[in-house]
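Presented below is the structure to which this report refers.
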Amino acid sequence: MSENDSLGKNENFLEQIIKDDLGNSHSQNQLRFRFPPEPNGYLHIGHAKSIYINFGFGQQFSSPVNLRFDDTNPEKESIEYINSIKNDIRWLGYSWDKECYASDYFDQLYEWAEGLIKKGKAYVDDQNQETISDQRGIPTIPGKESPFRDRDVDTNLDLFRKMKDNYFKPGDCVLRAKIDMSSPNMHMRDPIMYRIIDHEHHRTKDNWVIYPTYDWAHGQSDYIENISHSFCTLEFEVHRELYDWFISNIYDEKKIIPKQREFARLNISYTIMSKRKLLELVESNEVDGWDDPRMPTISGMRRRGIPPAAIISFCEKVGVAKRENIIDFALLDYCTREVLNKKAYRLMVVIDPVELEILNYPDEKNELLKAENNPEDESYGHREISFSKNLYIERDDFKEEFNRKYFRLSIGKEVRLKNAYIIKGERVEKNDSGEIIKIYCTYDPKSKSGSGTEESLRKVKGTIHWIDKNNYEKISVNNYDRLFKVEAPDGNKDDDFKTYLNENSFVQVKNAYAESNIRDSKKENYYQFQRNGYYKLESNNKELTFNRTVTLRDTWKSKS
RNA sequence: UGGCUCAUGGUGUAACUGGUAACACGUCUGGUUUUGGUCCAGAAGAGUCUAGGUUCGAGCCCUAGUGAGCCAACCA
């Protein structure tokens, strides 16, 4: 079901690798992918790219995709994260074949580790962390071998079993692969396979006190699950040699050898993509949790009102390559608007109200005017909006002084009230501080929208939205903006990224006036407050509260 | 005194086994429009990091530079 194929769109390099393998080493039914998050945080838009890549290939090649939790570090992981991850993937519209856990393979991994010891390819090192680290050397200088490196097999086996059986304390010893302390690749300098961690695991509870490291667990998990292609981000490129080394040492049957390949992670301007830093924002209460609408997390974007289709479309447009990149946030906004324009129910909401009285409109008259729910889609139908002599309009839609580029209301200037009549500004009333508190206008009774009269067909330059003063709903609106003030908040290693937080990223408007139809709004729907932006219902407890997803595109260069 | 990776308009991604750069976003024009939205039409903007080489011909191949990223957690 790949749209890519049908559109003849260009293949990315990972797709080419798969197709090459299909022509040589792999058959169609041997293809299998996986998405391997560590349950130590919430998924963000960067993970969405990875999800899109892996599950996208699954769809394209009709291959199964496993969801595998890389849960080898119980100190950082939790069931809360597991649940949020599953929820987010489903919300994005994907379903996995098997739900797997690296922890399900702990027995097998242990067995293989003993196998490596027996082959003389792994040993227990009694040195402390600091010593091991010192001995590893630096990239330009070879490391030194551990004095415990040449222990015999029986000693190693005995020690390793004691490690497993809780004879030692964390830090007393580790199991290391015996490879090459002078390798130019630091990861080949006798990497650690097991360490002792005294912490209950969220799944295996207290069954284990030794836990495999990422390098020892990941590739083997791929191998166990018959994963054909293991795609990860660029920083794991240097791990590949070790990934292959481990598998070559356990490989003993005619199983698929998984192939690790790396692509560039996603970066977006004015935000950060590090789980560690995102956690920091959450814990320091800079944001309202992992799902704060300003967060680049999947859950945050969901709360903000970005539909899954927009996220998928974004990942598609962003492409897959090996080059470091920073995507312009405007592309995400574009994808969001593109989807929402077709989906959103339109409503009129005045966010910063000022009173408007129509002098020649009958005092007691009240009309119900017809409005389209979505001009992009006839099937959304129509609604009725209450109209009378006294209204509210957006303060911003009236100006006493203006230039020829100004389309909105002013004294002596005509404008159309959306779905209603053409009015002309007459005069204003100000308070002592010179602030406009009320605008007076006159209307053309024959210009009613949709009436078909000659007057109603007149072209006026501007159209503005409004609210009936006698029939409206007060709502609360959360206007969000970018979380950071600079394009690359974590680009400068010397500065704390939090110093670049945008203090105006969240503006709450308590008293916005909405047409009364807003009472029917639903959590699952998307809304456009006309001429203002797209909004998502956040809460409908006593008072309706909406989150602004994104503003409408604004090409009016209101420059001054 | 190391290894690995990358280098195409402002941003991102293309260009099949070499045949003088395409698409999207952004920007700018104009048109339509009862949302300064949408939609439609169009424009500007790179000669592909640099220097050599191979070739009739190179963004694609080779060499050497330059620049950037990653690697020295008992994190993933």
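Lettering follows sequence order; numbering is per chain, from 1. Note: hydrogens, waters and symmetry copies are ignored here, and every other heavy atom, side chains too, is used.
Using a 4.0 Å heavy-atom criterion, one finds that A:Thr213 contacts the sugar-phosphate atoms exclusively. Using a 4.0 Å heavy-atom cutoff across all strands shown, A:Asn40 reaches no nucleic acid atom at all. Residue-level contact check: A:Gln127 touches the bases, meaning some heavy atom is under 4.0 Å from a base atom. Among the heavy atoms of the strands lying under 4.0 Å from A:Gly450 is at least one base atom, whether or not backbone atoms are also near. Within 4.0 Å (heavy atoms only), A:Lys322 reaches sugar-phosphate atoms of the nucleic acid but no base atom. As judged by a 4.0 angstrom heavy-atom cut-off over every strand, A:Gly143 is placed among residues making no nucleic acid contact. Across all strands, A:Pro36 comes closer than 4.0 Å to no nucleic acid atom at all (heavy-atom distances). At a threshold of 4.0 angstrom between heavy atoms, the contacts of A:Ile141 with the nucleic acid are absent. Within 4.0 Å of A:Val174, counting heavy atoms only, lies at least one base atom of the nucleic acid. Residue A:Val320 is in sugar-phosphate contact alone, with no base atom involved, counting any heavy-atom pair closer than 4.0 Å across all strands shown. Residue contacts for A:Asp70: at a heavy-atom cut-off of 4.0 Å it reaches the sugar-phosphate backbone alone, with no base atom in range.
The partner of B:G26 is absent, by the rule that a Watson-Crick or G-U pair needs both atom distances under 3.5 Å. Base pairing of B:A44 is not made with any nucleotide, judged by Watson-Crick or G-U wobble geometry with both donor-acceptor distances under 3.5 Å. Applying the Watson-Crick and G-U wobble criteria (two distances, each under 3.5 Å), B:G67 pairs with B:C6. Searching all strands for a Watson-Crick or G-U wobble partner of B:U38 with both distances below 3.5 Å returns nothing.
Between the A:Glu394 side chain and the A:Asp352 main chain, a donor and an acceptor come within less than 3.5 Å of each other.
Here the two rings, on A:Tyr535 and A:Tyr527, have centers that are 6.0 Å apart or farther. In summary, the aromatic rings of A:His239 and A:Tyr243 are positioned with their centroids too far apart to meet the 6.0 Å limit.
Annotation: B:G9 and B:U27 have their C1' atoms spaced 12 Å apart (nearest Å). Between B:G26 and B:G45, the two C1' atoms lie 11 Å apart (nearest whole Å). Taking atom P in both B:C60 and B:C49, one finds a spacing of 8 Å when rounded to whole Å. Taking atom P on both B:G47 and B:U5, the two are 28 Å apart, rounded to the nearest angstrom. Rounded to a whole angstrom, the distance from the C1' atom of B:A14 to that of B:A46 is 14 Å. Comparing the C1' positions of B:C39 and B:G57 gives an interatomic distance of 44 Å, to the nearest angstrom. Atom P of B:U48 sits at a distance of 13 Å from the matching atom of B:G10, rounded to the whole Å. Of the P atoms belonging to B:A51 and B:G59, the separation is 13 Å, rounded to the nearest Å.
Out of B:C25, B:G36, B:U13, the shortest distance to the side chain of A:Arg531 is found at B:G36. Distance from the side chain of A:Glu38 is smallest for B:A76 among the nucleotides B:A76, B:G26, B:G36. Side-chain proximity of A:Asn73 to the nucleotides B:C74, B:C75, B:G37 is greatest for B:C75.
Looking at which nucleotide of RNA chain B each of A:Arg195 and A:Leu417 is closest to, the 5′-most match is held by A:Leu417. With RNA chain B read from its 5' end, the first of the two nearest nucleotides for A:Ile197 and A:Lys342 is the one closest to A:Lys342.
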- prompt: Which parts of nucleotides 64-72 of chain B does protein reach within less than 4.0 Å, heavy atoms only, written one letter per nucleotide 5' to 3' as B for base, S for sugar-phosphate only and - for none?
  reply: -----SSSB
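When each of A:Asn517, A:Asn373, A:Ile518 is tested with A:Tyr345 by the rule side-chain contact (heavy atoms from CB on, under 4.5 Å), just one qualifies, namely A:Asn373. Screening A:Lys459, A:Arg408, A:Arg458 against A:Glu414 for a salt bridge (Lys or Arg N to Asp or Glu O under 4.0 Å) leaves a single residue, A:Arg458.
Note: A:Leu242 CG to A:Gln260 CD = 9.5 Å, rounded to the nearest 0.5 Å.
One cannot find a donor-acceptor pair under 3.5 Å joining the base of B:U5 and the side-chain atoms of A:Glu262. Remark: the A:Glu376 side chain and the B:G37 base include a donor-acceptor N/O pair separated by less than 3.5 Å. A:Arg346 contributes a side-chain N or O that forms a donor-acceptor pair with the base of B:U35 under 3.5 Å.
Atom CZ of A:Arg176 is separated from atom P of B:C74 by 9 Å (rounded to the nearest Å). Rounding to whole angstrom units, CD of residue A:Gln260 and P of B:A76 are separated by 14 Å. When rounded to the nearest whole Å, the span between CG of A:Leu457 and C1' of B:U32 equals 15 Å.
Phosphate contact (OP1/OP2 of B:G3, side-chain N/O of A:Ser183, threshold under 4.0 Å): absent. Put simply, A:Arg553 has a side-chain N or O that comes within less than 4.0 Å of OP1 or OP2 on B:U38. For B:U33, one of the phosphate oxygens OP1 or OP2 lies less than 4.0 angstrom from a side-chain nitrogen or oxygen of A:Lys459. For the OP1/OP2 pair of B:C25 and a distance below 4.0 Å, the side-chain nitrogens and oxygens of A:Tyr334 include at least one atom meeting the criterion.
A:Tyr214 does not qualify as a stacking partner of the B:A76 base, lacking a centre-to-centre distance under 5.5 Å together with planes within 30°.
Geometrically, A:Lys413 engages A:Phe402 in a cation-pi contact defined by less than 6.0 Å to the ring centre and at most 45° from the axis.
Glycosidic torsion of B:G47 falls within 90° of 0, placing the base in syn. B:A73 adopts a syn glycosidic conformation, its chi angle falling within 90° of 0.
With respect to A:Arg149 and A:Asp190, a salt bridge is recorded, a charged nitrogen being found less than 4.0 Å from a carboxylate O. Salt bridge annotation for A:Lys19-A:Glu11: present, with a cationic side-chain nitrogen under 4.0 angstrom from a carboxylate oxygen.
Ring geometry for A:Phe35 versus A:His47: interplanar angle over 60°, hence perpendicular rather than tilted (30 to 60°).
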